[in-house]
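Read the structure below first, then the notes.
Here is how names work: the chains are called A, B, and so on, in the same order as the sequence lines, proteins then strands, and each is numbered from 1. Here the structure is a predicted model, which means the values were calculated and not measured.
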Number of protein chains: 2
Amino acid sequence: MKDVAARAGVGLKTVSRVVNGEAGVTADTERRVQEAIEALGFRRNDSARVLRKGRTASVGLVLEDLADPFYGPLSRAVEEVARAHGALLINGSSAEDPDREQELALALCARRVDGLIVIPAGADHRYLEPEMRAGIATVFVDRPAGRIDADVVLSDSFGGARAGVAHLIAHGHRRIGFIGDQPRIHTAVERLRGYRAAMEDAELAVDDAWVSLGSTEPRRVREALAAMLSGPNPVTAVFAGNNRVTVTAVRELAGREGPVAFVGFDDIELADLLGITVIAQDAAALGRTAAERLFRRLDGVDDAPARTVLDTVLIPRGSGEIPPAQEVSAQGRRPR
Amino acid sequence: MKDVAARAGVGLKTVSRVVNGEAGVTADTERRVQEAIEALGFRRNDSARVLRKGRTASVGLVLEDLADPFYGPLSRAVEEVARAHGALLINGSSAEDPDREQELALALCARRVDGLIVIPAGADHRYLEPEMRAGIATVFVDRPAGRIDADVVLSDSFGGARAGVAHLIAHGHRRIGFIGDQPRIHTAVERLRGYRAAMEDAELAVDDAWVSLGSTEPRRVREALAAMLSGPNPVTAVFAGNNRVTVTAVRELAGREGPVAFVGFDDIELADLLGITVIAQDAAALGRTAAERLFRRLDGVDDAPARTVLDTVLIPRGSGEIPPAQEVSAQGRRPR
DNA sequence: GTGAAAGCGCTAACAG
DNA sequence: CTGTTAGCGCTTTCAC
């Protein structure tokens, strides 16, 4: 910038004015400055600008895994809102590791992002308190913040799971299995709670063997599924706690003989063709809502932290409407 | 930091040493500084650090759409490599708009990312020349750079498409359709070239009505498909140019009567259950390879820009092995 | 309308 | 081992 000023024969501040489109520069002067900028291939150094202005025009997003088809659209939605506010998005994957979540969140704070959106992997976010006090607006999404008071945007995991299981019950099932994510993940617990509530609503007892929380690794899901489908008291229907579980469960069930009814939490691509009934949540809406709240905070709105819960939708496509095997024998499943 | 120094009763540089874990500080002094840091909730301001050091320890990635299941894993792979090198990843979506690509790439350069990975939307990247000369290492991935000499990492679009179409030909098809992305996208053109090469290899003529390039919007794809399946000279097999086209085509074909053979470029989730034969490319490997090349550049390796081409794999799953409807009955086999 | 000087928070390069 | 000084490139303030 110094070089540009020298070449154009003007002061430093004048170049700054031109670069930032501020008023108070003659058309002629401006032209001379523009020429110098062009000739020198000058581009403003935003690091220096940030240092001076205090705002970085960027927001951070800590999520679980960018490669997960649920988080991709969420991140994209945040990006679009950020873009509308002239901000860039820096996102990082925690890989569901609380330490890595913290490391990433603090690294983003050190970069002085204006705001932070976090999909919690851990259960304790007090480490963010100093940062929030220092002025970094923070919104939690998909899962609530732990041990800290902050804005939260969630899907209705409890209600969604309850509706999905009630749907299976309405179709005649009495023995229903639940396979979910790790018990330290809030949504997993909420969805299990929804499952239990639906069973209780229908006055159905739950056999411990029907419930399995744990990793979403295919092997773990396969074993859980096999266990609840065999044994003395096998289930006739299965509810899956998230998209990863659904994918593996659908694969397994497709390879089996008898029909097993199925409903999964989260919609997945081509589920329509496979006839999979799901409880769909809107990942993009989740991201958009969280980002909008964040920017409202950045615009100075300072009301109490709020919890927003977005509805889920039951989409019947066939797999959830299969009656229990005993009641109606071998009703064909849809091929391909 | 000044405050920390004052509170700990030490010099500024000593605090800097502690914060950066440099040697040359007594255990006792260090403890005092740590206490002050704790008490004041101090966190180093990376903007200032960057300004001083010249390196931001961040890389930029300009891609088409983070919500696309092909780019999610690619981005994640880049992130992992960046993380291994202590760098953060800033990514932005161009939405397949050349202007937006340029805007984003330049914004990242203004932030002084150390390196840039670009999935081109546009065909002319000379706008990056000054930046590259100014020291921002740049690698193009998935599609080649336009009018500029730079590192490029690609999948073998031509070879993959050729193999896929040859596969259909080997299964008896003579009239094969091709539906691809916009003709200004390099991979679309390459894949079409592969299609033509395979047809030529088999000495098959190509009817113009069988080939359709354009948007991947479902409506456009549906219309293209309907057109080549009706008319005087209908195709018996279809090759899809990318994942988006595949999804729509598979939906459409599932709703039709007669069997139409199908092979798609790009693997998609649950394609195994749907029995879709695909040419799979490894998005993660693409990202990893590009990122590794980028960091090699950042480590000072300065050989000539190279073009790396990754192989694709044909995965037969059923849809590509269906024989043509007419031929089967002509040979007297009973269709079932 | 324009420019000189001060300083954002940090680190490199030297002193002590 | 520790501290002082001088900037990194920009914007802010205030004078011209």
Side-chain angles (χ1 to χ4, degrees), chain A residues 1-34 36-37 40-58 86 106-114 130-131 134-136, chain B residues 1-37 40-58 86 106-107 109-114 130-131 134-136:
Chain A
M1 190 145 157
K2 205 173 46 186
D3 301 341
V4 174
R7 192 179 217 277
V10 301
L12 209 57
K13 177 62 204 178
T14 303
V15 178
S16 175
R17 286 202 178 90
V18 172
V19 169
N20 295 300
E22 287 170 31
V25 183
T26 336
D28 183 57
T29 315
E30 172 160 0
R31 199 180 34 69
R32 280 216 323 287
V33 172
Q34 287 291 12
I37 287 176
L40 270 51
F42 168 83
R43 207 88 63 177
R44 180 181 65 198
N45 183 331
D46 274 357
S47 300
R49 170 171 232 251
V50 154
L51 180 57
R52 196 60 239 248
K53 302 204 71 145
R55 277 211 166 189
T56 56
S58 59
L106 291 180
L108 291 168
C109 290
R111 301 266 169 144
R112 294 296 191 271
V113 292
D114 297 333
E131 316 295 334
I136 297 185
Chain B
M1 190 144 156
K2 207 173 48 188
D3 301 341
V4 174
R7 191 179 219 277
V10 299
L12 210 56
K13 180 64 203 179
T14 303
V15 178
S16 175
R17 286 201 177 92
V18 172
V19 169
N20 295 299
E22 286 169 32
V25 183
T26 337
D28 183 57
T29 314
E30 171 161 1
R31 198 181 35 69
R32 279 215 326 284
V33 172
Q34 287 291 11
E35 271 171 24
I37 288 176
L40 270 49
F42 167 84
R43 208 87 64 177
R44 179 181 67 197
N45 183 331
D46 275 356
S47 300
R49 170 170 232 252
V50 154
L51 180 57
R52 193 61 238 246
K53 302 204 71 146
R55 277 210 165 190
T56 55
S58 59
L106 291 180
C109 289
R111 301 268 169 140
R112 295 294 190 272
V113 292
D114 298 331
E131 316 295 333
I136 297 185

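- Judged as a side chain to side chain contact (heavy atoms under 4.5 Å, CB included), and not counting sequence neighbours, Ala107(A) has no contacts.
- With sequence neighbours excluded, no residue forms a salt bridge (Lys or Arg N to Asp or Glu O under 4.0 Å) with Arg112(A).
- A distance-only check finds no donor-acceptor pair linking the side chain of Arg43(A) to the backbone of Ala110(B) [under 3.5 Å].
- Put simply, CG on Leu51(A) and CG on Asn45(B) are 6.5 Å apart, with the number rounded to the nearest 0.5 Å.
- Nearest heavy atom pair, residue Val15(B) against residue Val4(B), reads CG1-CG1, 3.8 Å.
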Protein proximity profile, nucleotides 7-16 of chain D - base contact B, sugar-phosphate-only contact S, no contact -, cut-off 4.0 Å on heavy atoms:
BBBBBB----

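- In terms of heavy-atom proximity, Leu106(A) sits nearest to Glu131(A) at CD2-OE2, 3.6 Å.
- With a heavy-atom cut-off of 4.0 Å to chain A, the contacted part of DNA chain C has its first and last nucleotide at dG1(C) to dG9(C).
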What pairs of donor and acceptor atoms, side-chain ones from residues 16-29 of chain B against any protein atom, are under 3.5 angstrom apart with sequence neighbours left out?
unit_1   : atom_1 : unit_2   : atom_2 : d
Ser16(B) : OG     : Asn20(B) : ND2    : 3.4
Asn20(B) : OD1    : Arg44(B) : NH1    : 2.4
Asn20(B) : OD1    : Arg49(B) : NH2    : 3.1
Asn20(B) : ND2    : Ser16(B) : O      : 2.8
Thr26(B) : OG1    : Thr29(B) : OG1    : 3.2
Asp28(B) : OD1    : Arg31(B) : NH2    : 2.5

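- Between Val33(A) and Glu30(A) there is no side-chain heavy-atom pair separated by less than 4.5 Å.
- Taking every heavy atom of both residues into account, Ala57(B) and Gly86(B) meet most closely at CB-O, 3.8 Å.
- Of all heavy-atom pairs spanning Lys2(B) and Leu12(B), the tightest one is CA-CD1, 3.6 Å.
- Comparing the start and finish of the helix from dG1(C)-dC16(D) to dG16(C)-dC1(D), five pairs each, the helix axis swings through 30°, to the nearest 10 degrees.
- The line from CZ of Arg7(B) to CD1 of Ile37(B) is 11.5 Å long, rounded to the nearest 0.5 Å.
- Taking Thr56(A) as the reference, Ser58(A), Asp114(A) meet the side chain to side chain donor-acceptor pair (under 3.5 Å) condition, with sequence neighbours excluded.
- For the segment residues 27-36 of chain B, the set of residues with a heavy atom within less than 4.0 Å of an atom of DNA chain D comprises Thr29(B), in numerical order.
- Counting any heavy atom pair closer than 4.0 Å across all strands shown, Val10(A) reaches sugar-phosphate atoms only and no base atom.
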